[in-house]
Amino acid sequence: MSYNRVVAIQNLNHAFGKGELRKPVLFDVDLDIFVGEIVIMTGPSGSGKTTLLTLIGGLRSIQSGRVNILGQELYGASKNQLVKVRNQIGFIFQSHNLLSCLTVEQNVRMSLRLHQDIDFEQRNTMTKDILEAVGLGDRVNFYPDSLSGGQKQRVAIARALVSQPQLVLADEPTAALDSKSGRNVVEIMQQLAKEQGCTILLVTHDNRILDIADRIIHMEDGRLAKDTALVNQ
Ligand code: ADP
Ligand code: MG
């Protein structure tokens, strides 16, 4: 790997809308996240956390600032370059976004479809292994509607991690879960990340999971607080 910072952001600004409706939502954001770190981002609703996550994930174009993700500068990047970056990122959202017409196994397997270097047999093995790892080895042929909220979110985690992404972006992944299932899914994420050596940026309001972080950052009114607390050391 030719970089040690998975995320390197300088002077990122972002606004929605144009003209009189223009509304700036991110101001001079600087953020570095190093290989293997688990970083939790907290902050009030509307402070810009999701916007920042979507910019980091290459899901929105950068208006101004330097945003280097996995060695790729996103400002001015081509569509192809953005797709390449996105393929190395696992996304986990608040609502699991599983396809209800596909089984658990098919939902997970689908996120390998863009990885042409992985052959059919490997895909089966990787899918089975990750579903075992999240404790759903006995649910592979179930449909999402027959699973509990916590189980669905574990499928979403499996789907995000099956391709062994370098970076996982998780936006309030426990928001729809009770505290026990919430704890359970982040512990699975933490364990898999440590095993695979991937980096995690996780947005949460859930104070009960803050201890899984190596570092906590705080967003307020579109600005990242400079003082970041180190935990677990
Ligand atoms: P958070 O995730 O911290 O709750 P968001 O990043 O979703 O915050 O939103 C930050 C601000 O940007 C809010 O004021 C929100 O209303 C606004 N916003 C978010 N997405 C859009 C959009 N697609 N169009 C216009 N405004 C948006
Ligand atoms: Mg949000």
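Whatever order the structure lists them in is the order used to number ligands and atoms, beginning at 1. Values reported hereafter were calculated over all heavy atoms of this structure, with side chains retained and with hydrogens, waters and symmetry mates removed.
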Checklist entry - Has ligand 1 got any nitrogen or oxygen that is less than 3.5 angstrom from a nitrogen or oxygen of Gly46? => result yes
Item to check | Check ion pair Asp211-Arg183 (N to O, under 4.0 angstrom) | outcome: yes
Next on the checklist: Just to confirm my output: which protein heavy-atom neighbour is closest to atom 5 (P) of ligand 1, and how far is it?
Outcome noted: Thr51 OG1, 3.7 Å
Next on the checklist: Tell me which one of Leu55, Leu224, Asp28, Leu31 satisfies side chain to side chain contact (heavy atoms under 4.5 Å, CB included) with Leu12.
Outcome noted: Leu55
Next on the checklist: Could you check whether Thr50 and Asp171, counting side-chain N and O atoms only, form a donor-acceptor pair closer than 3.5 Å?
Outcome noted: yes
Checklist entry - Hey, is Arg66 close enough to Asp32 for a salt bridge, meaning N to O under 4.0 Å? => result no
Checklist entry - Can Tyr143 be reached from Val134 by stepping across I, L, V, M, F, W or Y side chains whose heavy atoms are under 4.5 Å apart? => result no
Checklist entry - With a 4.0 Å cut-off, would you call Asp206 and Arg208 a salt bridge? => result yes
Checklist entry - Is it true that Lys128 and Glu105 make a salt bridge, defined as a side-chain N closer than 4.0 Å to a carboxylate O? => result yes
Checklist entry - What protein heavy atom sits nearest atom 3 (O) of ligand 1, and how far off is it? => result Lys49 NZ, 2.8 Å
Checklist entry - Looking at ligand 1, does any of its N/O atoms fall within less than 3.5 Å of an N/O of Val25? => result no
Checklist outcome for this item: In ligand 1, the atoms that come under 4.0 Å of a heavy atom of Ser47 are 1 (P), 3 (O), 8 (O)
Checklist entry - Nearest protein heavy-atom contact for atom 27 (C) of ligand 1: which residue, which atom, what distance? => result Phe16 CD1, 3.3 Å
Checklist entry - Can Pro44 be said to touch ligand 1, with heavy atoms closer than 4.0 Å? => result yes
Item to check | Any donor-acceptor N or O pair under 3.5 Å, side chains Asp178, Ser181 | outcome: yes
Checklist entry - For atom 7 (O) of ligand 1, what is the nearest protein heavy atom, given as residue, atom name and distance? => result Thr50 CB, 3.7 Å
Checklist entry - Would you say Ser45 reaches the Mg ion (ligand 2) with an N/O/S atom under 2.8 Å? => result no
Checklist entry - Hey, does Lys23 sit under 4.0 Å from ligand 1 if you only count heavy atoms? => result yes
Next on the checklist: Please confirm whether Gly48 approaches ligand 1 to less than 4.0 Å, judged on its heavy atoms.
Outcome noted: yes
